[in-house]
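Sequence lines set the chain letters: A, B, ... in the order given, protein chains first and strands last, and positions in each chain run from 1.
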Amino acid sequence: MSEILSLAGANLISPIILSFALGLIAALARSDLTIPEAVAKGMSIYLLFAIGFKGGVAVSAHGIDQTLVLSLVAGLILSFTLPVLAFGLLRAMTGLSTIDAAAVAAHYGSVSIVTFVAATSVLNGRMISSEGYMVAVAAVMEAPAILSALWLVARSGGGARMEPGLIRELLLNGSIVLLVGAFFIGAITGEQGLADISAFIVAPFKGVLCLFLLDMGLIAGRGLRQSKGVVSLGAVGFAIAMPLASAMIGLGVGMLIGLSVGGIVLMMVLCASASYIAVPAAMRVALPEANPAVYLTLSLGVTFPFNLTLGIPLYLAIAQTVTGG
Amino acid sequence: MSEILSLAGANLISPIILSFALGLIAALARSDLTIPEAVAKGMSIYLLFAIGFKGGVAVSAHGIDQTLVLSLVAGLILSFTLPVLAFGLLRAMTGLSTIDAAAVAAHYGSVSIVTFVAATSVLNGRMISSEGYMVAVAAVMEAPAILSALWLVARSGGGARMEPGLIRELLLNGSIVLLVGAFFIGAITGEQGLADISAFIVAPFKGVLCLFLLDMGLIAGRGLRQSKGVVSLGAVGFAIAMPLASAMIGLGVGMLIGLSVGGIVLMMVLCASASYIAVPAAMRVALPEANPAVYLTLSLGVTFPFNLTLGIPLYLAIAQTVTGG
Amino acid sequence: MSEILSLAGANLISPIILSFALGLIAALARSDLTIPEAVAKGMSIYLLFAIGFKGGVAVSAHGIDQTLVLSLVAGLILSFTLPVLAFGLLRAMTGLSTIDAAAVAAHYGSVSIVTFVAATSVLNGRMISSEGYMVAVAAVMEAPAILSALWLVARSGGGARMEPGLIRELLLNGSIVLLVGAFFIGAITGEQGLADISAFIVAPFKGVLCLFLLDMGLIAGRGLRQSKGVVSLGAVGFAIAMPLASAMIGLGVGMLIGLSVGGIVLMMVLCASASYIAVPAAMRVALPEANPAVYLTLSLGVTFPFNLTLGIPLYLAIAQTVTGG
Amino acid sequence: MQTHIAKRVEIVIEAPLERRLTDALTEAGVTGYSVLPVLGGSGRSGQWTRDGQVGRAGMVNVVCLIKPERLDGLLDAIFAVVKKHIGVVSVTDAQVLRAERF
Amino acid sequence: MQTHIAKRVEIVIEAPLERRLTDALTEAGVTGYSVLPVLGGSGRSGQWTRDGQVGRAGMVNVVCLIKPERLDGLLDAIFAVVKKHIGVVSVTDAQVLRAERF
Amino acid sequence: MQTHIAKRVEIVIEAPLERRLTDALTEAGVTGYSVLPVLGGSGRSGQWTRDGQVGRAGMVNVVCLIKPERLDGLLDAIFAVVKKHIGVVSVTDAQVLRAERF
Ligand SMILES: Nc1ncnc2c1ncn2[C@@H]1O[C@H](COP(=O)(O)O)[C@@H](O)[C@H]1O
Ligand SMILES: Nc1ncnc2c1ncn2[C@@H]1O[C@H](COP(=O)(O)O)[C@@H](O)[C@H]1O
Ligand SMILES: Nc1ncnc2c1ncn2[C@@H]1O[C@H](COP(=O)(O)O)[C@@H](O)[C@H]1O
Ligand code: NA
Ligand code: NA
Ligand code: NA
């Protein structure tokens, strides 16, 4: 226990977490500090490209082992099914309408790439290796949850629109294409490719992540300020209970598949994290009646900081304890 | 021959080319992946500054040899005359109007700095040195072709507008000023200056180039999708024949001047590449009747990827064979 | 003397200064070279974060010595009082109205972070260490001068508006929050934090500074072109006399407090430099009747380049001579 | 200079719906439109800003000049898209040069 | 499609005053507004451009659709903010869908 | 609040011609104008977007408020620039505060 706490403590005083805290505080204090939209988008492109590329290189180096396909399939199934769990929890814990609950559920079945990146960075800092293809699992988990949410609404007789072109749009979403594309470029060019561009995608990575998290903190803080009274205590409880529950499922799945400790932690983080970039945009198209303030507050305002600060070290400690690693 | 192929193959699986391919595929598949305009412009400023600076440092290190002036003069003459060749080929191979043909010709007399940068990066990867001032030759070749195109139209009785201020605008074009300015800064501050900022302009250079080519791929792909039916097969043939012909002229000129193998390759690339940034904007002012879809499709949609993938390794192989280098 | 000149000469041929000169020349020659607003803002965020972080790390490494509090208090007092000196000089040397003079005075009591950064970079280049907390002094000196200027106007019966919320806005200004926040992150995470992200905030720092100064040169040049006839010779004289006088005051204060030579130079630079980012925006709110062309021309068009080129080496030479360092 | 009567329709709509709206405009037979960025704003659904956003957040302003006789059909097409969504539509009387373009 | 008469008020104002203007709009009871970026321009106080700016420089264009009867009160509120500052205000007659929103 | 009749002229024009247009406006005696960015659009010459563009591509929206009596001269000046180029021009009736500025 004290080990977990010291781990969490060490995690909390990293530049990454403190940058997020700075953004959060600045926004809550109504500072006019902002990061231009183009710069924020540029950093997110950089992070997706770098993480995808490094994942691909790792696969090219260690080869494709048999758990790769299992992991991808598991990711797919998890992304399809976690929303059902989330939906159930939401109906039990909150008074949200079917549509709002389904929309929130979509976010929790999908993933937050930044949380994934932060977890990778914690693993790297502790010299714990992980399967390179976990980044492909992350990509696979982005979209299916949205379809589950639409199905949940349809089942309840709600007016979810399975718009023509929506599935296509989900699969060809910019972040997925970039992540998967960079993964393949990394897998094809391998160590040689990495050597070519590591001064760009490896060395400054953590620093860029700091500024990106500063921005995330600013957005989360602004969102929290806007959303006073929008979410109930029960909803906040959900936003902490759900990642914990999902992480346990991720733990079980990861062990079943036979992932390394690092891989298990990343699988837990993928399950536990909630999308706040791709899914919100999809929801505006597919479930416009759902209230954005609710799902953004929960996923970006509560679950994201929870995972970033306490979740990741906790998942790591649990994974290490359980696997004896 | 098999050597050329293996060279081309090695070139094709570099992160740079694959990033371009990723952008192209993403755009053709209608993914919503985009790079913000400000980020793309920022990267292009970075690349121009870095390439100019490094060229200047190289000149300050190796001194000004007698071929410098010859190269600049040759570049000027080539940029003035290549459009005439292009215009002739276009009239022979395509049914383009005088004005469209002249506009296309202007692009092929000018240069693509990104192609030049990609070639430099291939040379560096093979440890082939080249004259630092080739970057100044590139700058010198940007604008003259535009004047030739206007002259071609005027000669045919067309309504080319030699607008007041146009020449001034061409010479003080942002990319030329930045490239030449950075060249002088590099030449003045030399190795000491390079040591100061090499962690910025040397180390991450190739990585930035990848993201920039991703963007070029996105733009080229979007252009190709838009321009279905705009360009004839003859025009596409021109867009491949012209760089090959120009490269041969560049080869002859480079040998005549006495450039190194690396310098000859860069001279071939400058001749073979076609502008798609500065010249299109100038054409909208000077030859507004010309159809932008035609010249953009040919220069960015056909010639640029051709040079990037097959052209550069081919020119290198030819230069090495001919010079015995 | 000749030593000062050679120092100034060495300073003048650094990539940083030459980049500024390039921007200035490009703008004066009406080149269309521009840096996108988002990129410029991104670079300024990077610079503030990096400089704040490094200052914090320095404090965490060397500990808080007793001069820290003295320096902060001195910075506060200087920022409050320098506008009075500036106002007096302006009334003596120029025919500016009370309101214009007060607005200009506010700029000279505040600081230019970029000048501070350039000075740090000169000190680093000469291996002269300085107190890490000088960056906190810089933050402390940003805002008070604005209040002094409003007081100067009110005293003269002018209509300065002490708007509700203005003080809050000044203190929570984005640059102050970022600088101070990064300082604390650096102080908390210390050498370990620096090691994590030094490839991002240390290695490429000077290169980013070059591009940022290129942009400053472009803005200054555009401003100078616009402002023909706006400022009198007397005002230009002020824009050179004021930094010299302030630097001397900074020298005295720095020695009194017991700063190191590097610290004294930075204190001189803080006193001598004039704001051109935060204060102009505040003036538009608080003193809208003041003419922006006047204060921007003086602070960005005259004092900034003066400090950058001649001022910094001069202050360094003086500090070394006086302290015998 | 000869001018012609036209209607200027401006639609502030959520960015994720931009393509759906412009597709609807095209189907309704407009000859062109322009998309202008919006930095931020406020409405019944609260305040928002584009600052620092990474996803397709915020609103865009789609401007469409049309012949007056097309207005009704166009508004129907627009309404079908914005109906359930956040957004405002305004129409102003305008005059255009080169009527043959609209 | 049923439309309703409205006024479209557009204010080009210095960026540092944006928040003060939108606060004044909100106090004057408008139900919403949109802020559009301006890249550059020219006026009595000279020419300017956003290019390369680091601070809160330049102007923004605040657009506000309102019921006609609110116009006078709104213009007073706007004028109190822009009075001493750089900026221009224009009003056009417009028609809006979904009148209940304004 | 006293308002004055004016015309609001909006020109969507190719970015490379921006300076030529604003020079023509200034020569035609306008007292000011604002340039707004356009993200993308569609017209007879196809669809376009600013995304990822490096050069001076795309269009800008130049807005100009003028006294009604200046309109004709202004449209002539504008037309001389846009004639051969891609672009649309619209005029709406407007009212402005502070008439002395126009
Ligand atoms: N009255 C209005 N005038 C101008 N823009 C508005 C107005 N009402 C809403 N908007 C814009 O439309 C967005 C959505 O409005 P709403 O659906 O009311 O939340 C707002 O955030 C504004 O950008
Ligand atoms: N007549 C006008 N039409 C459109 N925008 C204008 C006009 N006059 C001024 N502006 C805008 O308002 C800003 C300030 O104008 P001014 O207060 O006259 O300097 C200018 O820089 C333009 O962006
Ligand atoms: N009817 C229209 N309404 C609004 N903008 C238009 C319209 N037609 C054209 N545009 C804009 O003007 C640009 C050029 O139009 P065009 O010359 O028709 O290709 C388009 O890409 C749009 O941005
Ligand atoms: Na999840
Ligand atoms: Na060429
Ligand atoms: Na000062």
- [ ] Would you mind checking which part of C/L211 comes under 4.5 Å of any heavy atom in chain B, side chain (CB onward), backbone (N, CA, C, O), both or neither?
- [x] side chain
Open item on the list: With chain C as the partner, which of B/G181, B/P36, B/A50, B/G190 has the greatest number of non-hydrogen pairs under 4.5 Å?
Closed with: B/G181
Task: Under 4.5 Å from any heavy atom of chain B - which part of C/S19 - done: both
Open item on the list: With a 6.0 Å cut-off on the ring centroids, do B/Y46 and B/F212 count as close?
Closed with: no
Task: Part of C/I16 lying under 4.5 Å from any heavy atom of chain B - done: neither
TODO: Check each atom of C/I35 against the heavy atoms of chain B and say whether the ones under 4.5 Å are side chain, backbone, both or neither.
DONE: both
- [ ] Would you mind reporting whether C/Y315 and C/I264 have side-chain heavy atoms less than 4.5 Å apart?
- [x] no
Open item on the list: Can you tell me which portion of C/V202 sits under 4.5 Å from chain B's heavy atoms? Options are side chain, backbone, both or neither.
Closed with: neither
Task: C/S260-C/E131 side chain donor-acceptor pair, cut-off 3.5 Å - done: yes
Open item on the list: Quick check: closest heavy atoms across B/V137 and B/G75, and the distance to 0.1 Å?
Closed with: CG1-CA, 4.1 Å
TODO: For the pair C/R126 and C/V265, evaluate side chain to side chain contact (heavy atoms under 4.5 Å, CB included) and give the outcome as yes or no after the intermediate values.
DONE: CA-CA 13 Å; C/R126 288 187 177 45; C/V265 171; over 6 Å; no
- [ ] Determine whether C/S273 and C/P243 make a side-chain contact, defined as any pair of heavy atoms from C-beta on separated by less than 4.5 Å.
- [x] no
Open item on the list: Using heavy-atom distances under 4.5 Å, tell me whether B/F53 contacts chain C through its side chain, its backbone, both, or neither.
Closed with: side chain
Task: Max heavy-atom pair count under 4.5 Å with chain C, selected residue of B/I201, B/I176, B/L178 - done: B/L178
